[in-house]
Amino acid sequence: MSFPTLRLRRLRATPTLRALVRETTLSPAQFIYPLFVVHGENVRREIPSMPGVFQQSIDQLARETDELAALGIPAVVLFGIPAHKDPVGVENFDPNGIVQQAARAIKQANPDILVITDVCLCEYTDHGHCGIIRDAEILNDETLDILGRVAVSHAAAGADVVAPSGMLDGMVGAIRAALDSAGHSGISILSYAVKYASGFYGPFRDAAQSAPAFGDRRTHQMDPANVREALREAQLDVDEGADMLMVKPALPYLDVIRRVHERFDLPLAAYNVSGEYSMIKAAAERGWLDERRTVLETLTGIRRAGADMILTYHAKDAARWLAEID
Ligand code: PBG
């Protein structure tokens with residue numbers, strides 16, 4: 001059958017028909033909202049390059065998670081800004097570190113909110129790198145012990161899921177072993193398995209104050225040109241015991257999301273990163289883009305590519321808009 005008998009426009013005629021034949025669903029239940037947590041009281045400081053996103057102190061988290069729960073957003077991912085930075089980043093595994101305090105506070109206020117913690121060194125080290133450094137080189141294997149300690153301290157504070165983001169070799173296996181030997185065999189690992197060395201992290205590095213003091217992250221994060229290597233990265237993490245995988249960033253890597261989705265049966269997350277957020281916000285502020293349409297289109301595209309869940313700064317706005325549409 002072909003035109004004029006076949007007319008594909010028929011199924012686009014009304015909102016009801018369009019909804020009935022829609023192939024991809026988008027729901028707040030698939031969103032994970034990133035939170036930047038800082039020391040102090042009554043802090044709610046907007047990040048200049050990320051309008052609508054705030055660094056917040058612990059006392060703000062009950063209200064924040066109440067709002068998420070009301071919007072149907074089930075999970076947060078925590079990023080901490082420590083009081084002091086040093087070469088190792090000791091606050092990272094301090095039982096009273098900022099992320100540990102935040103995890104406890106959220107679990108107390110809203111026990112049903114899933115707490116995912118970012119496990120990496122870069123926010124805590126004075127040099128801003130994702131591992132300990134000697135002669136300007138990251139010491140991969142020596143850093144693994146620290147990542148294990150960080151994950152265990154997050155679990156002890158109430159985290160449900162730990163998310164290692166440093167792209168060091170062996171990080172998932174080391175964290176699994178550390179969690180299991182500390183009695184946290186029920187805590188799952190969401191691995192940033194496929195994380196590219198991306199220019200789209202720029203605003204995040206302001207938000208988390210984590211820009212590297214020298215050099216860059218190209219010796220551990222992936223080359224944007226590679227996709228077969230992404231499958232090897234994901235395989236390595238699966239073999240080391242990852243429970244869920246992540247591809248990051250999302251928009252320039254939709255093909256990577258699709259390939260990882262097709263190859264692996266693990267739940268797959270995509271990180272719609274800071275720069276992707278800020279691009280839309282900046283264009284919308286100038287009136288160049290319709291924010292609501294472009295955000296929902298973006299998130300739908302990420303889902304269509306194969307992501308089961310999306311880490312996104314748009315989560316709260318998108319949840320509100322989805323409630324209006326439904
Ligand atoms: C590393 C980490 C980064 C992001 C999440 N975890 C930054 C980096 O690798 O430099 C970026 C997230 C974003 O841009 O929204 N701890």
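We count ligands from 1, going down the list as the structure has it; atoms in each ligand are counted the same way.
By the 4.0 Å N-to-carboxylate-O rule, R304 lies too far from E23 to be salt-bridged with it. Using a cut-off of 4.0 Å between Lys/Arg side-chain N and Asp/Glu carboxylate O, R44 and E64 are scored as salt-bridged. In summary, R63 and E67 do not engage in a salt bridge, as defined by a charged side-chain N under 4.0 Å from a carboxylate O. A salt bridge between D180 and R176 is present, with a side-chain N of the basic residue lying under 4.0 Å from a carboxylate O of the acidic one. Note on D160 versus K107: salt bridge recorded, some NZ/NE/NH1/NH2 to OD/OE distance being below 4.0 Å. Salt bridge annotation for E324-R292: present, with a cationic side-chain nitrogen under 4.0 angstrom from a carboxylate oxygen.
Atom 14 (O) of ligand 1 has as its closest protein heavy atom S274 OG, 2.7 Å. Looking at atom 6 (N) of ligand 1, its nearest protein heavy atom turns out to be K248 NZ, 3.3 Å. With respect to atom 12 (C) of ligand 1, the closest heavy atom belonging to the protein is F204 CD1, 3.3 Å. Looking at atom 2 (C) of ligand 1, its nearest protein heavy atom turns out to be K195 NZ, 3.3 Å.
Distances from ligand 1 to the non-hydrogen atoms of Y313 include at least one value under 4.0 Å. The shortest separation from a heavy atom of E276 to ligand 1 is not under 4.0 Å, leaving the residue out of contact.
Classification of the Y271-Y192 ring pair by plane angle, with boundaries at 30° and 60°, yields tilted.
Atom numbering of ligand 1 starts at 1 in the shown order; those under 4.0 Å from a heavy atom of Y201 are 8 (C), 9 (O), 10 (O), 11 (C), 14 (O). Of all the atoms in ligand 1, the ones that sit under 4.0 Å from a non-hydrogen atom of Y271 are 12 (C), 15 (O). The contact set between ligand 1 and R217, taken as ligand atoms under 4.0 Å from a residue heavy atom, comprises 8 (C), 9 (O), 10 (O). Taking every non-hydrogen atom of C122 and a distance limit under 4.0 Å, the qualifying atoms of ligand 1 come out as 1 (C), 16 (N).
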